[in-house]
Amino acid sequence: MNVHGKHHRTIWLKKDDPNVVQIIDQRHIPHHFVIENLVTVEQFAQAIRDMHVRGAGLIGATAGFGMYIAALHAPKSSPQAFMAALVEAGETLKATRPTAVNLAWAVDRQLKAVEDAGDEIDARVQTARETAQAIADEDADFCRRLGEHGKAIIKEISKNKKGEPVNVLTHCNAGWLAFVDYGSATAPIYAAHDEGIAVHVWVDETRPRNQGARLTAWELGQHGVPHTVIADNVGGHLMQHGMVDVVITGTDRTLYTGDVANKIGTYLKALAARDNGVPFYVALPSSSFDWEHRDGLKEIPIEQRGAHEVKYIRGLHDGKIVQVLLTPEESPAANYAFDVTPARLVTGLITERGICPASEEGVLALYPEKR
Ligand code: MRU
């Protein structure tokens, strides 16, 4: 996507130095555009844990590149020592954030690719580099494709509204910044906008880290998509007054049975959507499917983050990013980062292979090889 008119991805190998991976440090957006170099596995782990990068697809792509850097620096004395270092790096990366399934998926894909590359160490390193790039390229391609499928939903609503702007509500940032390019929830929006369909996006601010207010609003603005930031509690009111045509969110992990884990507050939007007859779609590339577990409420680990993210708020003051205390200093705070929306509240899943019902039959009809 474009930043100040120039195309960027969210992660890439540094031009002329393939020992360095570059990311956009998202903690500074929207106020500053900062590019960070990552050269050690610990830096990758910290970038994921402290959310320099975040969002399901980008966490996966970062883990993919992290495993390549681990391969670059792993001992070359024997295939066993090399592999042991990679397994350890994979454990370090997997331990950073528990909910997004893309993280473990990317680490395991790298381990298998490297293992299959034979005993020659240089070939293994080369394979790790190619696999990291393939994970990133595939992420971008899948998001572009799911955008085309999701565009049909927006187009149909636009036709029924005789070209009046289609009002889409989204939560958190399942945009370009949460992936390598295009985004998941935003991909249909960008595709519709680029085709000349009038779209307007209600952007949930998404406390406590405000990924909607900071990131989604910024990237929609960079792409010229009309949008309005709203406080998290506004969506239900808008739906009651016919001001939302469709809700599209992303997901950090969706079970093949259709249960959806996404940023905290998603479930409440799904309830409000159901009560008001507003379609509620979830957009995801297949790397965000969990093919093992069946029951979202019981089986998806929900990350709990530090209380300071709830108690303090960050913003721009006199040109600098500062943080201020919001609550009584001594009040405890709880910070559940995700919730689970049961499949029954989801109208459909928008994937790179098409749109399907949020059910085991629906998902497996699109992905028969997972039967
Ligand atoms: O905690 P984050 O910012 O990594 O949360 C992930 C998200 O961005 C959202 O939950 C998003 O809607 C799904 S990830 C594409």
Side-chain angles (χ1 to χ4, degrees), residues 10-11 23-27 29 47-63 93 96-103 105-106 139-140 142-143 146-147 150 168-189 201 203-220 232 235 247-254 259-270 280-290 296 300-306 309-310 314 335-341 346 349-352:
T10 52
I11 188 164
I23 57 165
I24 300 165
D25 185 345
Q26 300 190 15
R27 295 171 304 165
I29 291 176
I48 298 172
R49 194 185 308 114
D50 296 345
M51 295 173 69
H52 309 198
V53 290
R54 24 75 43 211
L58 181 54
I59 289 174
T62 306
L93 292 168
T96 51
R97 299 194 68 191
T99 305
V101 81
N102 302 60
L103 176 51
W105 168 83
D139 183 85
F142 282 13
C143 285
L146 76 83
V168 182
L169 184 141
T170 193
H171 191 68
C172 194
N173 174 261
W176 161 69
L177 288 164
F179 289 86
V180 174
D181 212 342
Y182 302 99
S184 56
T186 54
I189 296 167
V201 185
V203 179
D204 280 356
E205 63 174 346
T206 319
R207 279 282 287 150
R209 287 188 68 107
N210 298 306
Q211 289 96 327
R214 294 190 305 107
L215 306 178
T216 306
W218 180 78
E219 60 163 89
L220 289 172
D232 280 332
V247 180
I248 309 178
T249 74
T251 173
D252 299 272
R253 178 191 299 230
T254 287
D259 288 349
V260 171
N262 194 46
K263 183 54 56 185
I264 194 76
T266 303
Y267 170 54
L268 292 177
K269 294 300 139 68
F280 180 96
Y281 285 95
V282 175
L284 71 157
S286 48
S287 52
S288 296
F289 275 117
D290 176 333
I300 298 178
I302 299 295
E303 178 183 8
Q304 291 188 50
R305 298 182 60 86
E309 291 182 352
V310 177
R314 280 161 64 86
N335 189 2
Y336 295 90
F338 300 94
D339 61 24
V340 173
T341 299
V346 179
L349 303 173
I350 307 169
T351 78
E352 77 275 1

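It should be emphasised that the depicted structure is a prediction, and the values quoted were computed from it without experimental measurement. Whatever order the structure lists them in is the order used to number ligands and atoms, beginning at 1.
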Task: Donor-acceptor side-chain pairing of Asn173 and Thr216 below 3.5 angstrom - done: yes
Open item on the list: Between the side chains of Glu303 and Arg305, is the shortest nitrogen-to-carboxylate-oxygen separation below 4.0 Å, so that they form an ion pair?
Closed with: yes
Task: Protein contact to atom 9 (C) of ligand 1 [nearest heavy atom, distance to 0.1 Å] - done: Cys172 SG, 3.3 Å
Open item on the list: For Gln211, which part has a heavy atom under 4.0 Å from ligand 1: side chain, backbone, both, or neither?
Closed with: side chain
Task: Residue and atom name of the nearest protein heavy atom (relative to atom 5 (O) of ligand 1), distance in Å to one decimal - done: Lys263 CE, 3.2 Å
Open item on the list: Could you check whether Lys269 makes a cation-pi contact with Phe280, meaning its NZ or CZ is under 6.0 Å from the centre of the six-membered ring and within 45° of the ring axis?
Closed with: no
Open item on the list: Below a 4.0 angstrom heavy-atom separation, can you tell me which part of Thr249, side chain or backbone, both or neither, approaches ligand 1?
Closed with: neither
Task: Arg209 contact mode with ligand 1 (heavy-atom cut-off under 4.0 Å) - done: neither
Open item on the list: Filter on salt bridge (charged side-chain N to carboxylate O under 4.0 Å, His left out), then keep only pairs touching residues 47-57, sequence neighbours left out; what's left?
Closed with: Glu42-Arg49
Open item on the list: Starting from atom 15 (C) of ligand 1, what is the nearest protein heavy atom, named by residue and atom, and what distance separates them?
Closed with: Phe179 CE1, 3.3 Å
Task: Residue selection (non-hydrogen contact nearest atom 8 (O) of ligand 1) among Arg54, Arg253, Met51 - done: Arg54
Task: Per-residue contact class, Ala56 against ligand 1 - non-hydrogen pairs under 4.0 Å - done: both
Task: Non-neighbouring partners of Asp290 that pass salt bridge (Lys or Arg N to Asp or Glu O under 4.0 Å), sequence neighbours left out - done: Arg253
